[in-house]
Every structure is written in structure tokens, then in C-alpha cells.
Amino acid sequence: NTRSSGYHQKALAEIRNSLLPFANSGG
Amino acid sequence: MAFSFLIRKKSTKSFPVKVITLDAELEFNLEWRATGRDLFDLVCRTIGLRETWYFGLQYQDSKGFMSWLKLDKKVHDQGIPQQIPTTFNFLVKFYPEDVSEELVQEVTQHLFYLQVKQAILRMDIYCPPEASVLLASYAVQAKYGDYDETSYQPGLLASEDLLPQRVIDQYQMTPEMWEDRIKIWYADHKTMSRDEAEMEYLKVAQDLDMYGVNYFDISNKKETNLWLGVTALGLNIYEKENKLAPKTTFAWSEIRHISFDDKKFIIKPVDKTSPNFVFFSQKVRMNKLILDLCIGNHDLFMRRRKPDSMEVQQMKAQAKEERSRRQIERNKL
């Protein structure tokens with residue numbers, strides 16, 4: 001069940017993209 | 001007469017001590033002449049901790065300065081405040097270079113997890129939004145176990161303290177929107193046990209820039225204010241406005257000697273052609289603490305570069321056995 005750093009990098013990139021449209025201006 | 005009797009009684013008897021770990025409060029009666037090590041060993045035995053070298057007992061001394069209890073000195077000779085019970089926090093003092101390689105016992109991992117999570121939620125460690133969401137998903141897996149669509153109560157996560165306030169403030173998102181994002185990843189962690197989820201949490205957290213850094217307010221010869229960071233790998237120097245990216249680093253292997261004289265602190269590099277790095281801290285007391293952390297981190301750095309001791313080898317074998325036994329049990333279920 002251990003996760004590779006590749007899994008975490010991919011997850012972080014996906015989350016970043018999903019949050020992007022909601023960022024406060026200047027945030 | 002009665003007065004002198006009381007004093008004599010106090011000097012031969014015990015005193016109450018409270019030790020706060022991140023998941024328990026322990027109370028002991030300690031002999032008046034007990035050393036820091038007596039108390040530290042008592043705590044480790046009580047909570048079943050064997051990887052003792054990462055931890056310490058922290059307290060505010062009578063002058064309000066944060067201190068770590070010295071193990072080789074009597075508890076009472078260390079300027080502890082006159083409060084009843086005498087109270088200490090049992091905390092991670094030193095960090096490994098790689099959590100998944102080095103932390104063996106579940107109890108060790110759990111205490112690290114609790115302390116790092118607290119530091120992230122209190123914003124002592126800067127955590128970017130995407131990492132905050134991923135960490136939250138592991139924290140939920142560790143707390144609630146597998147995601148189950150049929151029994152999941154909407155709003156469950158929205159009411160939890162899962163994200164740093166700074167992250168929430170950066171976005172125009174409702175609690176439900178945050179919950180949805182955390183839930184996607186929570187569902188992806190299905191079948192992960194508590195200790196696996198906590199380990200994944202630590203694996204993500206250890207990549208954060210401020211993880212495992214002890215910061216000290218210092219100034220250089222030109223009286224420029226800087227941060228000194230003491231870490232598992234060496235010393236970092238940061239500009240005052242940037243605690244994330246060090247301006248200079250000294251790996252432990254590049255440092256020949258470290259010493260201080262009053263408020264002046266001197267780092268001598270191995271390379272004798274390089275100049276010494278000299279800085280000043282506000283208090284001698286702070287220099288003592290910096291040196292104590294340097295010695296401890298350097299010892300662990302050296303130890304990691306040698307073969308494991310028999311004790312650690314046994315501990316690793318036991319932990320591996322225990323994990324595979326549990327895995328087999330889980331597979332059966």
C-alpha cells in the first residue's frame with residue numbers, strides 16, 4: 001500500500017489544477 | 001521544629017510530574033533526586049516507545065525560555081518553574097532524513113504524525129494548498145478508515161479541522177467544496193491502515209520546506225537579521241523575509257567545528273580555505289540550545305551512515321513481521 005513519490009506528484013498537480021479557478025485574486 | 005521537618009521530608013521524598021504527549025497525559029511521582037534520564041526513560045517505557053533518540057522533554061524554564069530537559073542532570077537542577085505538578089511536553093526533538101526508511105515502530109510514527117499535523121494546521125510549517133488537501137485526505141483515512149459511499153455523511157469533513165486557515169482564506173470555496181476535493185483523494189486511499197495513512201502523510205509532509213527545521217533569530221557581523229535553521233542534514237541560513245529557501249547551507253559533513261563564546265557563534269568548515277561563518281544570537285541561552293540541537297542532529301547524521309545497531313535491526317525485523325501478519329489478516333477479511 002505504500003505510495004510512490006510519482007503518485008504524490010500527480011495527486012498534487014491534479015489538486016492544484018482543481019483549485020485554480022477558485023483562487024482569490026492575488027492569492 | 002515542624003518547619004525543618006517539612007524541609008527534610010521534601011528533600012527525601014517525591015514530587016508530582018505531569019508529562020503531556022500529543023495523545024496522552026501521564027502523571028508520575030518522581031524521586032526528588034531523579035535525573036532527566038530517569039523521567040525520560042519512565043515516559044518511554046510507559047508509552048512503549050523504543051526509538052527514543054528522536055524525542056525530548058520540553059518545558060519553559062523559570063525565565064520563560066523554551067528548554068529541553070537535560071538527561072544527565074537532576075530534573076530539579078534545571079531551572080524548572082515552581083509549579084505543581086511540574087509539567088513537561090514530550091515532543092519530537094530531532095527528525096530523520098527519511099521517515100519511511102527510518103521510523104520503525106508504529107508509536108514513533110504516530111507521535112511524529114500528530115506533531116507534524118499540529119504544526120501544519122497551526123501554520124508553524126508553511127503548507128501549500130494542494131499539499132494541504134492531500135494531507136487532509138490521509139488524515140481522514142487515518143481517523144475514519146475506508147471511505148464508504150453508502151454510509152458517508154455529507155458534511156462530516158466540512159466540520160473537521162483539516163486545513164490551515166491561510167489555505168481556506170486563499171480561495172473562494174465553501175466548506176462543501178473543500179470537502180468534495182478532500183473526499184476524492186480520501187476515496188483513493190481505500191484499504192490503507194491507520195499507520196500506512198499516517199506514514200503517507202509524513203512522506204508528503206517531509207517534502208515541505210519548513211518541515212524539521214528549528215529556526216533561530218540571529219544576526220551576522222554586519223548586523224543583518226537572519227534566520228538560522230538547524231536540520232537533520234545540517235545548518236541553513238535564511239534571509240529574514242524568506243523562511244522557505246535557504247540562502248546558504250552547511251551540510252554536517254562540511255562542518256569541522258561548532259562553538260560559541262557568549263553571544264557569538266562560530267561555524268568552522270572542513271575546507272580550511274573557506275572562511276568561518278560567524279553569527280550572533282540574542283542570548284547565550286539561545287546559543288546553548290542551538291549547540292545542543294547541532295550535537296544531537298550531527299550524532300544522528302553520523303549514526304545513519306553506519307550499519308544499524310542490533311537493537312534497531314531487531315526492531316525493524318519485528319515491525320516487518322507485525323505488518324505482514326496484519327496484512328495477511330486484512331486480506332482474509
Side-chain angles (χ1 to χ4, degrees), chain A, chain B residues 98-101 109 127-138 141-142 146 163 166-178 180-208 320 323-324 326-327 330-331:
Chain A
N1 265 334
T2 58
R3 253 71 192 273
S4 65
S5 61
Y7 173 90
H8 286 147
Q9 290 313 317
K10 194 167 163 280
L12 292 171
E14 277 182 39
I15 299 168
R16 197 179 302 126
N17 287 336
S18 81
L19 296 177
L20 218 51
F22 305 98
N24 283 327
S25 51
Chain B
D98 183 344
V99 283
S100 60
E101 284 287 317
Q109 291 170 15
C127 185
E130 60 275 18
S132 301
V133 170
L134 185 58
L135 291 176
S137 69
Y138 282 124
Q141 178 71 22
D146 289 350
L163 298 166
R166 183 187 30 75
V167 168
I168 296 169
D169 295 343
Q170 263 176 283
Y171 294 88
Q172 286 175 356
M173 285 171 59
T174 61
E176 292 70 31
M177 288 163 81
W178 285 112
D180 284 346
R181 270 150 192 84
I182 296 170
K183 210 167 66 182
I184 292 168
W185 296 95
Y186 170 32
D188 209 43
H189 307 326
K190 235 176 202 171
T191 76
M192 229 178 234
S193 65
R194 186 190 84 160
D195 67 306
E196 284 167 344
E198 290 184 352
M199 180 47 81
E200 293 305 321
Y201 185 103
L202 289 171
K203 279 163 61 180
V204 175
Q206 73 178 352
D207 288 337
L208 301 174
K320 200 173 160 192
R323 284 197 179 108
S324 65
R326 263 184 297 166
Q327 187 62 45
R330 275 217 305 272
N331 290 347

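Chain letters run A, B, ... following the sequence lines, proteins first and then strands; every chain starts at 1. Keep in mind that the numbers below use all heavy atoms, side chains included, and drop hydrogens, waters and symmetry copies.
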Which residue out of P21(A), A13(A), S18(A) racks up the most heavy-atom pairs below 4.5 Å with chain B?
->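 Top option by heavy-atom pairs under 4.5 Å: S18(A).
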Spacing of [atom1] belonging to [X] relative to [atom2] belonging to [Y], to within rounding of 0.5 Å:
X	Y	atom1	atom2	result
D188(B)	R3(A)	CG	CZ	5.5 Å
L134(B)	K10(A)	CG	NZ	12.0 Å
S5(A)	D207(B)	OG	CG	8.0 Å

Contacting moiety of M199(B), where chain A heavy atoms sit under 4.5 Å =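 It is neither, since no heavy atom gets under 4.5 Å.
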What closest approach, in Å, do E130(B) and L12(A) show between heavy atoms, and which atom pair accounts for it?
->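 Closest pair (atom of E130(B), atom of L12(A), distance): CB-O, 3.5 Å.
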How far apart are the C-alpha atoms of Y7(A) and K203(B), what are their side-chain angles, what is the distance that settles it, and do they pass the side-chain contact (heavy atoms from CB on, under 4.5 Å) test?
-> CA-CA 12 Å; Y7(A) 173 90; K203(B) 279 163 61 180; over 6 Å; no
Among L20(A), L19(A), N24(A), the one residue meeting side-chain contact (heavy atoms from CB on, under 4.5 Å) with Y171(B) |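 By the side-chain contact (heavy atoms from CB on, under 4.5 Å) criterion, Y171(B) pairs with just one of L20(A), L19(A), N24(A): L19(A).
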